[in-house]
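Have a look at the structure below before the remarks.
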2 protein chains.
Amino acid sequence: MLTPLPVMDLPQTQMPLAPSVPPKPREETEFHTSSVPLNFARNSEIFAEGEAAGYVYKIVSGVVRVSKLLPDGRRQISAFHLPGDMFGFEVDDVHHVSAEAIGPVKVIAYKWQNLLSATSSSSFVHELLNRTMIGLRQTQDHLLLLGRKNALERLAAFLIEMVRRTGSEQSLHLAMPRHDIADYLGLTLETVSRMFAELKDAGIIKLESARQVSVLDMPKLEAMAT
Amino acid sequence: MLTPLPVMDLPQTQMPLAPSVPPKPREETEFHTSSVPLNFARNSEIFAEGEAAGYVYKIVSGVVRVSKLLPDGRRQISAFHLPGDMFGFEVDDVHHVSAEAIGPVKVIAYKWQNLLSATSSSSFVHELLNRTMIGLRQTQDHLLLLGRKNALERLAAFLIEMVRRTGSEQSLHLAMPRHDIADYLGLTLETVSRMFAELKDAGIIKLESARQVSVLDMPKLEAMAT
DNA sequence: CGACTGGTTGACGAGGGTCAAGGACCGTGG
DNA sequence: CCACGGTCCTTGACCCTCGTCAACCAGTCG
């Protein structure tokens with residue numbers, strides 16, 4: 001199940017605010033260990049597309065967005081990661097997506113090489129294979145959403161996904177702004193906002209605030225997600 | 001590198017034409033072996049969403065589409081698989097996508113359990129992990145296409161992908177009809193047809209026939225894919 | 001209190017979907 | 001050899017969903 005091995009409890013240095021340079025695992029801190037706890041501030045970059053990959057991250061707290069950018073700035077968020085999730089796997093040694101902290105985030109970074117080395121149990125490779133296959137499945141589901149669902153269906157599916165993953169039936173808290181939801185769903189933030197209003201007007205959800213949503217009629221919401 | 005082990009050379013029975021019932025690996029044929037060669041006719045189903053999973057398939061010849069359906073018939077193709085590709089992995093024992101032969105297809109089916117059992121080398125698990133991570137990366141790239149690219153960019157990206165994967169610089173042969181391309185790109189077949197015409201009118205491609213495309217200006221095509 | 005970030009709402013237009021007609025290209029059979 | 005049917009493809013006309021642009025509102029932090 002992958003639990004951190006020898007963990008150095010680093011003095012948790014205060015992180016600079018975005019968009020300044022994010023902290024990376026440094027030679028000195030990872031000298032004797034394969035797992036390093038790290039903190040990231042709101043909107044700071046955990047790793048960037050094109051950067052050398054070498055670590056796998058497991059979230060302790062906070063939410064992370066993983067995304068790809070086009071040269072002109074259009075962005076697609078491929079996943080949100082919640083506490084317990086892992087991200088940062090790469091086939092080769094280059095990241096082909098970037099990862100950013102949506103709010104303050106605590107992660108544990110594992111050195112990729114150590115995980116696949118002979119010393120590590122093969123059960124870990126199975127674990128990793130499992131997580132990767134699950135990620136692939138979720139991404140395929142998301143393809144269907146982006147390729148074939150309309151705006152209302154997309155938002156409904158998003159809310160259902162969040163309710164399921166956070167385990168919060170009512171009074172769901174959304175960690176991310178409308179802009180991130182839009183870039184996850186392949187929409188604009190205005191359209192996301194309009195669809196929230198539509199679900200609200202239909203009596204399916206209640207907006208306590210922009211980030212705090214109560215699902216009033218789960219069956220109807222599920223019906224809308226098609 | 002995963003090559004078939006003891007292969008029984010089955011009498012290659014003539015396949016029924018679609019949409020009749022496709023052949024599945026049967027008990028009698030897999031009794032002593034973990035790999036079975038199979039043939040599928042045009043448009044026949046290799047496996048369906050919701051069906052029990054138990055085999056991994058490697059394509060010998062032909063092209064396979066992997067897709068998901070919404071209840072009302074909207075379809076998203078998540079990938080096309082060419083000879084040498086493998087597909088059919090599942091985390092649990094149920095297929096969450098379906099796979100169909102686009103034309104006549106020859107595959108080798110491997111029993112999933114045998115591949116992960118103690119007898120199989122751990123290098124195979126690494127191989128599988130690699131293929132899955134590559135699939136995940138390609139799917140993430142496709143998310144960006146579906147979520148953020150316009151119709152012309154999508155078709156350009158598709159043609160570039162096909163040129164790269166088939167290794168055919170000029171005179172690319174497309175195995176699939178417009179409808180499948182559309183369902184892969186999240187468009188309608190009419191829009192796909194119009195974008196083909198647009199690329200043709202711009203002098204970037206030449207349409208020998210609907211399925212036979214010559215790329216006249218690869219740099220310009222790459223520029224259009226954004 | 002003011003500045004900033006984030007969210008909502010409206011007016012308008014464009015990109016791509018829908019509907020429809022017709023053309024091209026097969027393989028089959030008379 | 002040609003006619004026929006089926007599948008696939010193209011093109012046009014129209015329309016709808018969602019993106020764009022803009023103004024305004026709400027909450028928060030100094």
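Predicted model, so just to flag it, every value in this text is computed and none were measured.
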Is A:Leu189 touching bases, backbone alone, or none of the nucleic acid, heavy atoms closer than 4.0 Å? base
Within the 4.0 Å heavy-atom criterion, would you say A:Arg74 contacts the bases, only the backbone, or no part of the nucleic acid? nothing
Given D:dG19, D:dC9, C:dT9, which nucleotide is nearest the side-chain atoms of B:Ser193? D:dC9
Quick check for you: among C:dT8, D:dC8, D:dC18, whose closest atom lies nearest to any side-chain atom of B:Pro177? D:dC8
Tell me: [atom1] of [X] to [atom2] of [N], nearest whole Å?
X        : N      : atom1 : atom2 : value
A:Met195 : C:dT8  : CE    : P     : 12 Å
B:Arg211 : D:dT10 : CZ    : P     : 10 Å
A:Leu207 : D:dC25 : CG    : C1'   : 15 Å
A:Leu152 : D:dC16 : CG    : P     : 18 Å
B:Leu145 : C:dG16 : CG    : P     : 12 Å

Nearest 0.5 Å, what's the CG-CZ distance between A:Asn150 and A:Arg154? 7.5 Å
d(A:Ser78 OG, A:Tyr184 OH) to nearest 0.5 Å is 8.5 Å
Phosphate OP1/OP2 of [N] contacted by [X] side-chain N/O (<4.0 Å):
X        : N      : value
B:Arg194 : D:dT11 : no
B:Arg42  : D:dC8  : yes
A:Thr188 : D:dC18 : no
B:Thr191 : C:dG17 : yes

Does the Lys NZ or Arg CZ of B:Arg165 fall within the cation-pi geometry relative to B:Phe80 - under 6.0 Å from the ring centre and within 45° of the axis? no
Is a donor-acceptor contact shorter than 3.5 angstrom present between the side chain of A:Glu190 and the base of D:dC18? no
B:Phe47 and its ring-ring contact (aromatic ring centres under 6.0 Å, His included) partner, picked from B:Tyr55, B:Phe89, B:Tyr57: B:Tyr57
